[in-house]
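Working notes, structure below.
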Amino acid sequence: MLIPSRRLFMLGASAASVAASMPAFAQTPAPGAAKPRMRLILLGTRGGPGISPRRHAPAQVIVIDDVPYLVDCGNGTAYQYVAAGLRLNQLRYIFVTHHHSDHVADYGNMMLLAWAAGLKTPIDSYGPPPLEKMTRLYFEMNAVDIDTRIDDEGRPDLRKLVHAHEITGDGGPVMQDERVKVTSARVPHPEIKDAFAYRFDGPDRSIVISGDTAPSYAVVALAKGADVLVHEVLHGERVRNTPPPTSNAATILKHVLAAHTSNEVVGEIAAKAGVKKLVLSHFVPDDPSITDEMWLAPIRKQFSGEIVLGKDLMEI
Ligand SMILES: [Zn+2]
Ligand SMILES: [Zn+2]
(Lines give C-alpha, C1' and ligand atoms only; values in the text may rest on other atoms or scores of the structure.)
(Ligands and ions follow the chains in the order given, each with its own letter.)
Protein backbone atom coordinates (compact mmCIF):
# COMPACT_ATOMS: atom_id res chain seq x y z
CA MET A 1 0.00 0.00 0.00
CA LEU A 2 1.27 3.45 -0.83
CA ILE A 3 1.83 5.71 2.13
CA PRO A 4 0.75 9.31 1.46
CA SER A 5 3.87 11.47 1.40
CA ARG A 6 2.49 13.71 4.15
CA ARG A 7 2.32 10.65 6.43
CA LEU A 8 6.07 10.05 5.99
CA PHE A 9 6.81 13.33 7.75
CA MET A 10 4.89 12.17 10.82
CA LEU A 11 6.88 9.00 11.54
CA GLY A 12 9.42 10.46 13.93
CA ALA A 13 12.38 11.10 11.64
CA SER A 14 13.11 14.73 10.91
CA ALA A 15 11.81 16.09 7.64
CA ALA A 16 15.37 16.67 6.46
CA SER A 17 16.54 13.11 7.05
CA VAL A 18 13.41 11.69 5.47
CA ALA A 19 13.82 13.94 2.45
CA ALA A 20 17.49 12.98 2.12
CA SER A 21 16.62 9.29 2.03
CA MET A 22 13.98 9.73 -0.66
CA PRO A 23 14.50 9.84 -4.40
CA ALA A 24 14.58 13.30 -5.93
CA PHE A 25 11.10 13.10 -7.41
CA ALA A 26 9.63 12.61 -3.95
CA GLN A 27 11.02 15.85 -2.54
CA THR A 28 8.23 18.00 -3.99
CA PRO A 29 6.76 20.00 -1.09
CA ALA A 30 3.99 18.01 0.53
CA PRO A 31 0.55 19.51 1.06
CA GLY A 32 0.80 21.73 4.10
CA ALA A 33 4.53 22.38 3.60
CA ALA A 34 5.83 25.76 4.69
CA LYS A 35 4.80 28.58 2.39
CA PRO A 36 7.49 30.77 0.81
CA ARG A 37 8.33 33.72 3.00
CA MET A 38 8.78 36.15 0.09
CA ARG A 39 5.92 37.22 -2.17
CA LEU A 40 6.35 39.48 -5.19
CA ILE A 41 3.18 41.23 -6.32
CA LEU A 42 3.03 43.45 -9.39
CA LEU A 43 0.68 46.33 -8.57
CA GLY A 44 1.02 48.32 -11.78
CA THR A 45 2.70 47.30 -15.03
CA ARG A 46 2.11 50.19 -17.41
CA GLY A 47 4.93 52.52 -18.42
CA GLY A 48 4.51 56.27 -18.63
CA PRO A 49 2.17 58.78 -17.02
CA GLY A 50 -1.00 57.97 -19.01
CA ILE A 51 -4.10 56.45 -17.47
CA SER A 52 -5.42 53.14 -18.74
CA PRO A 53 -8.13 50.75 -17.57
CA ARG A 54 -5.88 47.84 -18.57
CA ARG A 55 -2.78 48.58 -16.53
CA HIS A 56 -1.96 50.82 -13.59
CA ALA A 57 1.17 52.94 -13.17
CA PRO A 58 4.40 51.21 -12.15
CA ALA A 59 4.58 49.73 -8.66
CA GLN A 60 5.46 46.37 -7.13
CA VAL A 61 5.69 45.11 -3.62
CA ILE A 62 7.83 42.39 -2.09
CA VAL A 63 6.16 41.06 1.03
CA ILE A 64 8.43 39.17 3.42
CA ASP A 65 6.79 37.60 6.49
CA ASP A 66 3.91 40.08 6.02
CA VAL A 67 6.25 43.09 5.98
CA PRO A 68 5.86 45.09 2.74
CA TYR A 69 8.76 46.54 0.76
CA LEU A 70 7.05 48.72 -1.83
CA VAL A 71 9.05 49.69 -4.91
CA ASP A 72 7.69 52.76 -6.71
CA CYS A 73 4.25 54.23 -6.30
CA GLY A 74 2.77 55.72 -9.43
CA ASN A 75 -0.76 57.02 -9.68
CA GLY A 76 -3.25 54.47 -8.30
CA THR A 77 -0.78 52.49 -6.20
CA ALA A 78 -2.80 52.89 -3.00
CA TYR A 79 -5.84 51.46 -4.78
CA GLN A 80 -3.86 48.55 -6.20
CA TYR A 81 -2.19 47.92 -2.85
CA VAL A 82 -5.59 47.40 -1.25
CA ALA A 83 -6.83 45.40 -4.26
CA ALA A 84 -3.88 43.05 -3.71
CA GLY A 85 -5.23 42.32 -0.23
CA LEU A 86 -2.55 44.29 1.61
CA ARG A 87 -3.33 46.52 4.56
CA LEU A 88 -2.40 50.15 4.11
CA ASN A 89 -1.89 50.71 7.83
CA GLN A 90 0.96 48.19 7.78
CA LEU A 91 2.98 50.07 5.17
CA ARG A 92 6.62 49.94 6.30
CA TYR A 93 9.19 50.57 3.51
CA ILE A 94 9.05 52.52 0.25
CA PHE A 95 11.79 52.46 -2.38
CA VAL A 96 11.66 54.98 -5.22
CA THR A 97 13.63 54.22 -8.38
CA HIS A 98 13.44 57.77 -9.79
CA HIS A 99 11.23 60.81 -9.79
CA HIS A 100 9.25 60.51 -13.01
CA SER A 101 5.62 61.00 -12.02
CA ASP A 102 4.55 57.53 -13.21
CA HIS A 103 6.76 56.20 -10.37
CA VAL A 104 6.10 58.71 -7.59
CA ALA A 105 2.69 60.35 -8.08
CA ASP A 106 1.34 58.40 -5.10
CA TYR A 107 4.50 58.56 -2.95
CA GLY A 108 3.05 61.03 -0.47
CA ASN A 109 -0.48 59.72 -0.90
CA MET A 110 0.59 56.21 0.11
CA MET A 111 1.86 57.52 3.44
CA LEU A 112 -1.06 59.87 4.08
CA LEU A 113 -3.63 57.17 3.23
CA ALA A 114 -1.74 54.59 5.33
CA TRP A 115 -1.87 57.01 8.24
CA ALA A 116 -5.57 57.72 7.64
CA ALA A 117 -6.06 53.93 7.71
CA GLY A 118 -4.57 53.78 11.21
CA LEU A 119 -0.80 53.60 10.72
CA LYS A 120 1.01 54.15 14.01
CA THR A 121 4.40 52.69 13.16
CA PRO A 122 7.40 54.15 11.28
CA ILE A 123 7.81 54.32 7.52
CA ASP A 124 11.29 54.45 6.01
CA SER A 125 11.53 55.64 2.43
CA TYR A 126 14.57 55.42 0.16
CA GLY A 127 15.26 57.08 -3.15
CA PRO A 128 17.30 59.64 -5.03
CA PRO A 129 17.37 63.34 -4.07
CA PRO A 130 15.32 65.38 -3.49
CA LEU A 131 13.35 62.68 -1.61
CA GLU A 132 13.73 64.43 1.75
CA LYS A 133 12.50 67.75 0.36
CA MET A 134 9.61 66.08 -1.48
CA THR A 135 8.57 64.35 1.73
CA ARG A 136 8.74 67.54 3.76
CA LEU A 137 6.87 69.61 1.17
CA TYR A 138 4.18 66.95 0.77
CA PHE A 139 3.48 67.07 4.48
CA GLU A 140 3.51 70.88 4.36
CA MET A 141 0.99 70.78 1.51
CA ASN A 142 -1.26 68.49 3.56
CA ALA A 143 -0.72 70.20 6.93
CA VAL A 144 -4.40 71.11 7.30
CA ASP A 145 -5.47 67.46 7.11
CA ILE A 146 -2.60 66.17 9.24
CA ASP A 147 -2.98 68.77 12.00
CA THR A 148 -6.77 68.42 12.05
CA ARG A 149 -6.69 64.65 12.36
CA ILE A 150 -4.08 64.79 15.12
CA ASP A 151 -6.36 67.16 17.08
CA ASP A 152 -9.73 65.59 16.22
CA GLU A 153 -8.83 61.93 16.11
CA GLY A 154 -5.84 61.64 18.42
CA ARG A 155 -3.52 60.25 15.76
CA PRO A 156 0.28 60.29 16.10
CA ASP A 157 2.07 62.96 14.06
CA LEU A 158 2.69 61.43 10.62
CA ARG A 159 5.65 63.74 10.09
CA LYS A 160 7.46 62.07 12.98
CA LEU A 161 6.74 58.55 11.72
CA VAL A 162 8.31 59.02 8.28
CA HIS A 163 12.05 58.94 7.67
CA ALA A 164 13.24 59.68 4.13
CA HIS A 165 16.71 58.44 3.16
CA GLU A 166 18.42 59.72 0.02
CA ILE A 167 20.55 57.46 -2.18
CA THR A 168 23.46 59.07 -3.99
CA GLY A 169 26.62 58.07 -5.81
CA ASP A 170 26.64 54.81 -7.70
CA GLY A 171 24.32 53.15 -5.20
CA GLY A 172 25.47 50.25 -3.03
CA PRO A 173 24.00 48.97 0.25
CA VAL A 174 20.67 50.65 1.02
CA MET A 175 19.37 48.95 4.13
CA GLN A 176 19.34 45.60 5.88
CA ASP A 177 17.05 44.18 8.49
CA GLU A 178 16.43 40.70 9.88
CA ARG A 179 14.54 39.71 6.71
CA VAL A 180 16.35 41.22 3.75
CA LYS A 181 19.40 43.00 2.42
CA VAL A 182 18.69 45.73 -0.13
CA THR A 183 21.31 46.96 -2.60
CA SER A 184 21.00 49.64 -5.26
CA ALA A 185 22.76 50.44 -8.52
CA ARG A 186 22.71 53.68 -10.47
CA VAL A 187 21.17 53.16 -13.90
CA PRO A 188 21.06 55.39 -17.02
CA HIS A 189 17.67 56.97 -17.63
CA PRO A 190 18.28 60.26 -19.44
CA GLU A 191 17.33 63.04 -18.94
CA ILE A 192 16.58 62.03 -15.34
CA LYS A 193 19.78 62.62 -13.39
CA ASP A 194 19.35 60.04 -10.64
CA ALA A 195 17.77 56.63 -11.22
CA PHE A 196 18.39 53.42 -9.30
CA ALA A 197 17.65 49.71 -9.58
CA TYR A 198 17.18 47.68 -6.39
CA ARG A 199 18.10 44.16 -5.41
CA PHE A 200 16.41 42.35 -2.50
CA ASP A 201 18.26 39.35 -1.09
CA GLY A 202 15.77 37.67 1.21
CA PRO A 203 15.12 34.35 2.91
CA ASP A 204 13.80 32.50 -0.17
CA ARG A 205 14.91 34.41 -3.22
CA SER A 206 16.80 37.31 -4.69
CA ILE A 207 14.62 39.76 -6.59
CA VAL A 208 15.85 42.69 -8.69
CA ILE A 209 13.71 45.61 -9.85
CA SER A 210 15.28 47.51 -12.74
CA GLY A 211 13.13 50.62 -12.56
CA ASP A 212 13.38 52.69 -15.75
CA THR A 213 16.67 52.25 -17.52
CA ALA A 214 18.35 52.17 -20.88
CA PRO A 215 20.09 48.83 -21.50
CA SER A 216 22.66 48.78 -18.72
CA TYR A 217 25.59 46.73 -17.48
CA ALA A 218 24.77 48.14 -14.04
CA VAL A 219 21.58 46.09 -14.12
CA VAL A 220 23.50 43.03 -15.35
CA ALA A 221 25.94 43.37 -12.45
CA LEU A 222 23.24 44.01 -9.84
CA ALA A 223 21.11 41.11 -11.07
CA LYS A 224 23.99 38.61 -11.33
CA GLY A 225 22.62 35.17 -10.47
CA ALA A 226 19.31 36.56 -9.16
CA ASP A 227 16.23 34.36 -9.02
CA VAL A 228 13.92 37.05 -10.44
CA LEU A 229 14.60 40.14 -12.53
CA VAL A 230 11.67 42.51 -13.01
CA HIS A 231 12.74 44.60 -15.99
CA GLU A 232 11.05 47.42 -17.86
CA VAL A 233 10.32 46.83 -21.51
CA LEU A 234 9.22 48.71 -24.59
CA HIS A 235 8.24 47.21 -27.91
CA GLY A 236 11.08 48.43 -30.11
CA GLU A 237 9.55 47.83 -33.50
CA ARG A 238 6.15 49.32 -32.60
CA VAL A 239 7.62 52.38 -30.92
CA ARG A 240 9.91 53.15 -33.85
CA ASN A 241 7.13 52.72 -36.40
CA THR A 242 4.31 54.56 -34.65
CA PRO A 243 5.44 57.84 -33.10
CA PRO A 244 3.01 59.29 -30.52
CA PRO A 245 0.29 61.50 -32.06
CA THR A 246 1.45 64.73 -30.45
CA SER A 247 3.13 67.88 -31.68
CA ASN A 248 6.28 66.99 -29.70
CA ALA A 249 6.35 63.43 -31.09
CA ALA A 250 9.94 63.59 -32.28
CA THR A 251 11.20 64.69 -28.86
CA ILE A 252 9.16 62.05 -27.03
CA LEU A 253 10.34 59.32 -29.41
CA LYS A 254 13.97 60.33 -28.91
CA HIS A 255 13.57 60.20 -25.11
CA VAL A 256 11.73 56.90 -25.13
CA LEU A 257 14.32 55.13 -27.26
CA ALA A 258 17.31 56.59 -25.38
CA ALA A 259 15.99 56.06 -21.88
CA HIS A 260 14.34 52.64 -22.00
CA THR A 261 15.06 49.01 -22.87
CA SER A 262 13.39 47.33 -25.82
CA ASN A 263 12.24 43.75 -26.14
CA GLU A 264 15.09 43.38 -28.63
CA VAL A 265 17.76 43.65 -25.89
CA VAL A 266 16.10 42.86 -22.55
CA GLY A 267 16.65 39.12 -23.11
CA GLU A 268 20.37 39.73 -23.53
CA ILE A 269 20.47 41.56 -20.21
CA ALA A 270 18.68 38.70 -18.44
CA ALA A 271 21.01 36.16 -20.10
CA LYS A 272 24.17 38.09 -19.23
CA ALA A 273 23.00 38.40 -15.62
CA GLY A 274 22.17 34.70 -15.52
CA VAL A 275 18.81 35.20 -13.81
CA LYS A 276 16.39 32.32 -13.49
CA LYS A 277 13.24 34.24 -14.28
CA LEU A 278 12.64 37.44 -16.25
CA VAL A 279 9.46 39.34 -15.41
CA LEU A 280 8.51 42.06 -17.86
CA SER A 281 6.77 45.19 -16.64
CA HIS A 282 6.43 48.91 -17.46
CA PHE A 283 5.05 48.05 -20.89
CA VAL A 284 5.43 50.77 -23.54
CA PRO A 285 3.24 51.15 -25.43
CA ASP A 286 0.25 49.80 -23.52
CA ASP A 287 -1.36 48.54 -26.70
CA PRO A 288 -3.48 45.37 -26.67
CA SER A 289 -2.88 44.86 -30.39
CA ILE A 290 0.68 43.82 -29.47
CA THR A 291 0.25 40.12 -28.72
CA ASP A 292 2.17 38.16 -26.09
CA GLU A 293 4.09 36.47 -28.87
CA MET A 294 5.06 39.83 -30.37
CA TRP A 295 6.56 40.85 -27.03
CA LEU A 296 8.24 37.49 -26.45
CA ALA A 297 9.66 36.43 -29.82
CA PRO A 298 12.84 38.57 -29.78
CA ILE A 299 13.42 37.86 -26.08
CA ARG A 300 13.29 34.09 -26.49
CA LYS A 301 16.12 34.28 -29.02
CA GLN A 302 18.41 35.67 -26.31
CA PHE A 303 17.18 34.25 -23.03
CA SER A 304 16.37 30.60 -22.36
CA GLY A 305 15.08 31.01 -18.80
CA GLU A 306 11.48 31.54 -17.73
CA ILE A 307 9.85 34.71 -19.05
CA VAL A 308 6.75 36.20 -17.43
CA LEU A 309 4.69 38.92 -19.10
CA GLY A 310 3.67 40.90 -16.05
CA LYS A 311 0.05 41.78 -15.35
CA ASP A 312 -1.45 43.95 -12.64
CA LEU A 313 -1.96 42.06 -9.36
CA MET A 314 0.03 39.07 -10.59
CA GLU A 315 1.85 37.29 -7.76
CA ILE A 316 5.21 35.75 -8.55
ZN1 LIG B 1 8.43 55.05 -16.07
ZN1 LIG C 1 11.16 57.16 -16.01
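Indexing begins at 1, ligand by ligand and atom by atom, following the structure's order.
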Query raised in the report: Taking the six-membered ring for Trp, are the ring centroids of His189 and His99 within less than 6.0 Å of each other?
Result: no
Report task. Tell me, yes or no, whether the heavy-atom count around Arg54 atom CZ, taken from other residues, nucleotides or ligands under 6.0 Å, exceeds 12. Result -> yes
**Report entry** For Leu280, the option from Thr261, Val266, Val308 that meets side-chain contact (heavy atoms from CB on, under 4.5 Å)
**Finding:** Val266
Report task. Fit a plane to each ring of His165 and Tyr126, take the angle between them on a 0 to 90° scale, and name the class: parallel (under 30°), tilted (30 to 60°) or perpendicular (over 60°). Result -> parallel
Report task. Could you label the plane-to-plane angle of the Tyr79 and His56 rings as parallel, tilted or perpendicular, counting under 30° as parallel and over 60° as perpendicular? Result -> parallel
Report task. Check whether NZ of the Lys or CZ of the Arg Arg92 lies under 6.0 Å from the centre of the six-membered ring of Tyr69 and within 45 degrees of that ring's axis. Result -> no
Query raised in the report: Among the protein atoms near the Zn ion (ligand 1), how many are N, O or S and lie under 2.8 Å away?
Result: 4
